[in-house]
Number of protein chains: 4
Amino acid sequence: MTASKNPRPRIKSRVGRPPSNDLINAPADQDRRGVILDAAIRRFAETGFDGTSMRDIAASTGILTGSLYYHFKSKEELFCAVHEESIRVISANVVAAIDPGANPWTRLEQAASAYLQNLADHSAFVSIVIGETHRRRPAPLGERLIQHRDSFEKHFTEIVESLPLVTDVDRNIWRLALLGMLAWTYVWFDPNARIPADEMGRRLVAMLREKTSA
Amino acid sequence: MTASKNPRPRIKSRVGRPPSNDLINAPADQDRRGVILDAAIRRFAETGFDGTSMRDIAASTGILTGSLYYHFKSKEELFCAVHEESIRVISANVVAAIDPGANPWTRLEQAASAYLQNLADHSAFVSIVIGETHRRRPAPLGERLIQHRDSFEKHFTEIVESLPLVTDVDRNIWRLALLGMLAWTYVWFDPNARIPADEMGRRLVAMLREKTSA
Amino acid sequence: MTASKNPRPRIKSRVGRPPSNDLINAPADQDRRGVILDAAIRRFAETGFDGTSMRDIAASTGILTGSLYYHFKSKEELFCAVHEESIRVISANVVAAIDPGANPWTRLEQAASAYLQNLADHSAFVSIVIGETHRRRPAPLGERLIQHRDSFEKHFTEIVESLPLVTDVDRNIWRLALLGMLAWTYVWFDPNARIPADEMGRRLVAMLREKTSA
Amino acid sequence: MTASKNPRPRIKSRVGRPPSNDLINAPADQDRRGVILDAAIRRFAETGFDGTSMRDIAASTGILTGSLYYHFKSKEELFCAVHEESIRVISANVVAAIDPGANPWTRLEQAASAYLQNLADHSAFVSIVIGETHRRRPAPLGERLIQHRDSFEKHFTEIVESLPLVTDVDRNIWRLALLGMLAWTYVWFDPNARIPADEMGRRLVAMLREKTSA
DNA sequence: CATGAATGAGTCTTCATTCAT
DNA sequence: TATGAATGAAGACTCATTCAT
């Protein structure tokens, strides 16, 4: 049976905020770190790392530029937190969509569908992750971004390992082919158009599963 | 039978000068524009659009910064030319690799292999094209980049149209799936490692053609 | 006979707190001020007044930056205390080395030797004093630093006054010449090399006492 | 015979300016590099390296801050040029004051007098050199400053080598003692007061030459 | 007394671009 | 056409200091 209409709740960002009893702290000010992170995610998603200035980010929070540095010691550090948070949200959504009891193909469809669903629900997170994948950042930052990505791809790796594939298929290449198909949807897929994200996810998985040649 | 060992010559950049009416432009002009374009391609590929300054480019040509503006009226204009040239070279390599007389599957394998071969031979061009695909640039520039990309994808579109696919396959999605797989190789494929570019191209095409599920 | 091997104990910093009426200030106050002063001495000595930030100082004590301002109302005030303490320690070492019963030339040798010995034992204090001597600080701070220095030079003034010098020597100039020789050792003298501090002190005094010309 | 009243012309800074035919170039604008260097010397002398901002320097020239960087690639580079120029002027004045035909003691008096005369004529240069001698700057800059100083002290080294001193005197220490006396005059000597620079120079040399003890 | 957070002016530096010569 | 110089806004980041809690 193929995955049903994504019945599980989708994860939203909590940008590292402690539970915060909203009853008492009405103005919801508090927690400037979270406010900054939120703003930074939006700005980085729109204009990228290089195209976004600390001033931009500060301006869209009301905080002064200098104050950002109390919470994040550099622009790179801030971006790294943004990237990690993006990966965290996307990963959580993917994981939440997987029914651990289902068979591997179903689980893969669920994962792929959830991946695409992020485009609709949290395109900022996807922008940040995909947008920076292709620009090699120098060492200290660059390596941390790669670690984040690995922690995400791991979920797919595990499923692909347990897939019943024909014996001469290289599972690494197979997985990377799928991830490429999925990542590229960022360039062309509109989840609000004719085909919804979950169906598109199943279709893409099906392409690698079945014979498409007549 | 799969495609043979890519026997056709690969295209190198002629740095996209317009046909150049040499009668009028006799004086030592010839090269300047080309020299700048060459340097710009290298720098933009290494450090991206935002990470590259006009000074960087000027410095690696011996030309003074101010002089750049005689040949290109802005940094965006220069980048646009660089992007167009990159697309032109990659397209030409793909086209040159296709045997027009071969059957569609073979032609597709030839195109995919040639695409990947660019990673080995002209990674700068690929860096520029892929690296900027995910960053939405504002209107005047952004739209021109999309046009360039379309002019490249066209070659794949034509082949995919003539492919004998099972009837319920959406050829648009099928093509975009393939292009995604290919584009993503930029992130993981090392053409100098175990598997050469042409074989990898055939393998990726095969994944979409055959049944991989056991 | 020249001064013997500096037998008197050398003074260490008690980080210049006022006598501290412990009856009133009972609570764990005792150390804080001293801890800050210690850290500040080290940092100012290493990186100078301008090169040291209040944050640097706070960081090397575990105290938070804001808390420094309870103990010292400004950076200048803190530096002033550091400078005063440095002068106090150096002065105390010089005074302790002088045998009040000895003749003036011996006393001068003892003082000079002790001065140089500070380079070996407490180079931080010397760094602070010498390093700031040549930078004219604006009025309120600047004048206090000069007062500190005067309180130190006084010890030499007294000895020089009682020296049996040839009648046409200007004792002021003579003293300043000696102090210049001594101060400048900060630039070139290594107390851990061939010649120890006490011998170097005697040699420098001897140069002004005897005829060095053949 | 001791040195006469410093008959040789004193060197002024030409801050690296090419001869510049002042007849044609009336507004004497031209040569912004020289203008910047002049202003920088003044500011650095007054407030030191750390206490002077590039804005300060730009403001006192009418040039915009950014423009400074066309002529000097960093603040350190600018300071280094300032320091080198200061050493150059002082050295030239010292050299110009020395009569190569005179005997060593006379030559030393001439050199010392000229050294002190700089305090009256070009105290900015002296401020820069002396003021930075006591602050250890990190490697790239620091080492260059030391080289500059060495190139100055060399003039004294040569004279001291040829001095007829009693045999057991260490000429290195002797020279450093003299240089210390001279450098320290920056702290106390007022060349416009009772004793003029040339006489003070001879007196200080005399102190190391003759027996001052009764 | 101590803290965490914020402030806002200030730091050096880089940039795309322009323009007289 | 090419150049050298200048521009001025913008970049990331630091700092001494303050203040409510």
Side-chain angles (χ1 to χ4, degrees), chain A residues 29-33 36 49-58 61-79, chain B residues 25 27-29 32-33 49-58 61-79, chain C residues 25 27-29 32-33 49-58 61-79, chain D residues 29-33 36 49-58 61-79:
Chain A
D29 169 79
Q30 202 71 326
D31 213 347
R32 302 283 267 245
R33 196 190 140 95
I36 295 171
F49 181 78
D50 292 310
T52 302
S53 75
M54 291 299 265
R55 275 215 254 280
D56 290 341
I57 294 168
T61 63
I63 292 174
L64 293 221
T65 311
S67 307
L68 296 180
Y69 288 82
Y70 180 81
H71 302 278
F72 299 91
K73 76 180 213 294
S74 72
K75 188 186 183 185
E76 291 204 351
E77 209 65 40
L78 173 52
F79 180 77
Chain B
N25 240 334
D29 148 70
R32 283 309 234 236
R33 195 187 142 97
F49 181 79
D50 293 308
T52 303
S53 74
M54 293 297 267
R55 282 215 250 284
D56 288 340
I57 294 167
T61 62
I63 293 173
L64 286 233
T65 311
S67 310
L68 260 35
Y69 285 81
Y70 175 78
H71 302 278
F72 299 91
K73 79 176 214 292
S74 74
K75 189 187 182 186
E76 291 205 351
E77 208 63 40
L78 172 54
F79 180 77
Chain C
N25 240 331
D29 149 70
R32 284 307 236 237
R33 196 187 141 98
F49 181 79
D50 293 307
T52 302
S53 75
M54 292 298 265
R55 280 215 250 286
D56 288 341
I57 294 167
T61 62
I63 292 173
L64 286 234
T65 312
S67 311
L68 295 180
Y69 287 81
Y70 175 78
H71 302 279
F72 299 91
K73 79 178 215 289
S74 73
K75 189 187 183 186
E76 291 205 350
E77 208 63 42
L78 173 54
F79 180 76
Chain D
D29 169 79
Q30 201 73 327
D31 213 348
R32 301 284 267 243
R33 196 189 140 97
I36 294 171
F49 181 79
D50 293 310
T52 303
S53 75
M54 293 299 265
R55 276 216 255 280
D56 289 342
I57 294 167
T61 62
I63 293 174
L64 293 221
T65 310
S67 308
L68 259 35
Y69 288 82
Y70 181 80
H71 302 277
F72 299 91
K73 77 181 212 293
S74 72
K75 188 187 183 185
E76 291 205 350
E77 209 65 41
L78 173 54
F79 181 77

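Throughout, protein chains are lettered first and strands after them, A, B, ... in sequence-line order, and every chain is numbered starting at 1.
- Taking atom CZ on B:Phe72 and atom C1' on F:dT1, their separation rounds to 15 Å, with Å as the unit.
- Distance CG (C:Leu64) to P (F:dT21): 18 Å, rounded to an integer number of Å.
- Residues satisfying the side-chain contact (heavy atoms from CB on, under 4.5 Å) criterion with A:Tyr69, sequence neighbours excluded, are A:Met54.
- Annotation: side chain of A:Arg33 is in contact with side chain of A:Phe72 (closest heavy-atom distance under 4.5 Å).
- When each of B:Asp56 and C:Gly62 is assigned the nucleotide of DNA chain E with its nearest heavy atom, C:Gly62 is the one assigned upstream, toward the 5' end.
- Shown here are the side-chain contact (heavy atoms from CB on, under 4.5 Å) partners of C:Thr52, two or more places apart in sequence or in another chain: C:Arg43, C:Phe44, C:Thr47, C:Asp56, C:Ile57.
- In this structure, CG on A:Leu78 lies 11.0 Å from NE2 on A:His71, to the nearest 0.5 angstrom.
- Note: NE2 (B:His71) to C1' (F:dT3) measures 12 Å, nearest angstrom.
- Computed from coordinates, the A:Leu68 CG to E:dT7 P distance equals 10 Å when rounded to whole Å.
- Atom-to-atom distance recorded for B:Ser74:OG and B:Leu68:CG is 11.0 Å, nearest 0.5 angstrom.
- Across the protein-nucleic acid pair, C:Ile63 atom CD1 and E:dC1 atom P stand 12 Å apart, rounded to whole Å.
- Nearest heavy atom pair, residue D:Ala58 against residue D:Thr61, reads O-OG1, 2.7 Å.
- Taking CZ of A:Phe79 as the reference point, atom CG of A:Asp50 lies at 9.5 Å (rounded to 0.5 Å).
- Proximity of A:Ser53 to the phosphate of F:dA10: no side-chain N or O atom is located under 4.0 Å from OP1 or OP2.
- Atom CZ of D:Arg33 is separated from atom P of F:dG4 by 16 Å (rounded to the nearest Å).
- Nearest to the side chain of D:Tyr70, among E:dG8, F:dA5, E:dT3, sits F:dA5.
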Tabulated below should be each protein N or O lying under 3.5 Å from an N or O of nucleotides 17-20 of chain E; please produce it.
from: E:dT17; atom 1: OP2; to: B:Tyr69; atom 2: OH; distance (Å): 2.9
from: E:dT17; atom 1: OP2; to: B:Lys75; atom 2: N; distance (Å): 2.8

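- The salt bridge (charged side-chain N to carboxylate O under 4.0 Å, His left out) contacts involving residues 62-72 of chain C comprise nothing, where partners must be two or more places apart or lie in separate chains.
- Pairs engaging residues 66-76 of chain A under the salt bridge (charged side-chain N to carboxylate O under 4.0 Å, His left out) rule: A:Lys73-A:Glu77 [sequence neighbours left out].
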Handout entry: Intra- and interstrand pairs of DNA chain F - dot-bracket, Watson-Crick/G-U under 3.5 Å, | marks other strand
Key = .||||||||||||||||||||

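- Ranked by how close their nearest DNA chain F nucleotide is to the 5' end, D:Ile36 and C:Asp50 are led by D:Ile36.
- In this entry the distance linking CD1 of C:Ile57 with P of F:dT14 reads 17 Å, nearest Å.
- Listed pair D:Arg32 / F:dA6 meets the phosphate criterion, a side-chain N or O lying under 4.0 Å from OP1 or OP2.
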